[in-house]
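Everything on this sheet refers to the single structure shown next.
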Amino acid sequence: MEFTLYEQTVTFLWSLVLGTIIVCIYIIMEVIRQFSPPKKLMMISEDILFMGIVSALNFFFALSQTHGYIRAYVILGQMISFSLIYFTVGKFLKNLSSLFVRIISCGLGKISSPFRKMLKNISHIMSKRVKKIKK
């Protein structure tokens, strides 16, 4: 079944939108990783989750727009929008979130500093008492 030029154009434009959705999901996952860097196993599971989400989106997009056929212009549209957004807005958002994480961690460090000192003193006193009890 052949697609008209109008249908192909609309499908290409929707593939640009889908690429934008995919890059938004990717940027959100990157920002989450900056707030709490995952261990290897968690990172692998996050990557598998991302691949599953993207695969499902592409599958349902192909079913709805191209009747299940893989079209090069659809993949090209997704790659174009992903690249443009990731290397412009995505880098800006990543740098902004990195700055935000540094500000928050510095602020939390200053706020929690008295509590940490107090807990350190308490643990030091308790360890002395435990040593006395053991003797």
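Side-chain atoms are counted along with the backbone in the values below, which use heavy atoms only and exclude waters and symmetry mates.
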Quiz item: Are Phe12 and Leu16 side-chain neighbours, meaning at least one heavy-atom pair lies under 4.5 Å?
Solution: yes

Self-check item: Residue pair Gly19 / Ser81: nearest heavy atoms and the distance that separates them
Solution: CA-OG, 3.1 Å

Quiz item: Can Ile27 be reached from Leu49 by stepping across I, L, V, M, F, W or Y side chains whose heavy atoms are under 4.5 Å apart?
Solution: yes

Exercise. Assess whether atom OH of Tyr73 is packed by more than 12 heavy atoms of other residues, nucleotides or ligands within 6.0 Å.
Key: yes

Quiz item: Of Ile22, Ile21, Ile28, which is the lone residue that meets side chain to side chain contact (heavy atoms under 4.5 Å, CB included) with Ile25?
Solution: Ile21

Quiz item: For His124, does its backbone N or O pair with a side-chain atom of Ser127 as donor and acceptor, under 3.5 Å?
Solution: yes

Quiz item: In the single-linkage hydrophobic clustering (I, L, V, M, F, W, Y; side-chain heavy atoms under 4.5 Å), do Tyr6 and Leu13 co-cluster?
Solution: yes

Quiz item: Does OH belonging to Tyr26 count more than 12 external heavy atoms closer than 6.0 Å?
Solution: no

Quiz item: If Ile, Leu, Val, Met, Phe, Trp and Tyr residues are connected whenever their side-chain heavy atoms lie under 4.5 Å apart, and connections chain through other members, are Val10 and Leu18 in the same group?
Solution: yes

Quiz item: Is it true that Ile75 and Ile53 fall in one hydrophobic cluster, defined by side-chain heavy atoms closer than 4.5 Å?
Solution: no

Quiz item: When clusters are formed by joining ILVMFWY residues with side-chain heavy atoms under 4.5 Å apart, either directly or through shared neighbours, do Met42 and Ile44 land in the same one?
Solution: no

Quiz item: Taking it one step at a time, do Gln34 and Ser97 satisfy side chain to side chain donor-acceptor pair (under 3.5 Å)?
Solution: CA-CA 8 Å; Gln34 281 187 345; Ser97 68; 2.5 Å; yes

Quiz prompt | Flag if over 12 foreign heavy atoms under 6.0 Å of CZ, Arg129 | solution = no

Quiz item: Any donor and acceptor pair, going by atom type alone, linking the side chain of Ser98 with main-chain N or O of Lys94 inside 3.5 Å?
Solution: no

Practice problem: Mark yes when over 12 heavy atoms from residues, nucleotides or ligands other than Ile122 sit less than 6.0 Å from its CD1; otherwise mark no. | Solution: yes

Practice problem: List the atom of Arg33, the atom of Glu46, and the distance in Å for their closest heavy-atom pair. | Solution: NE-OE1, 2.8 Å

Practice problem: Taking the side chain as every heavy atom from C-beta outward, state whether Phe61 and Leu57 have any atom pair closer than 4.5 Å. | Solution: no

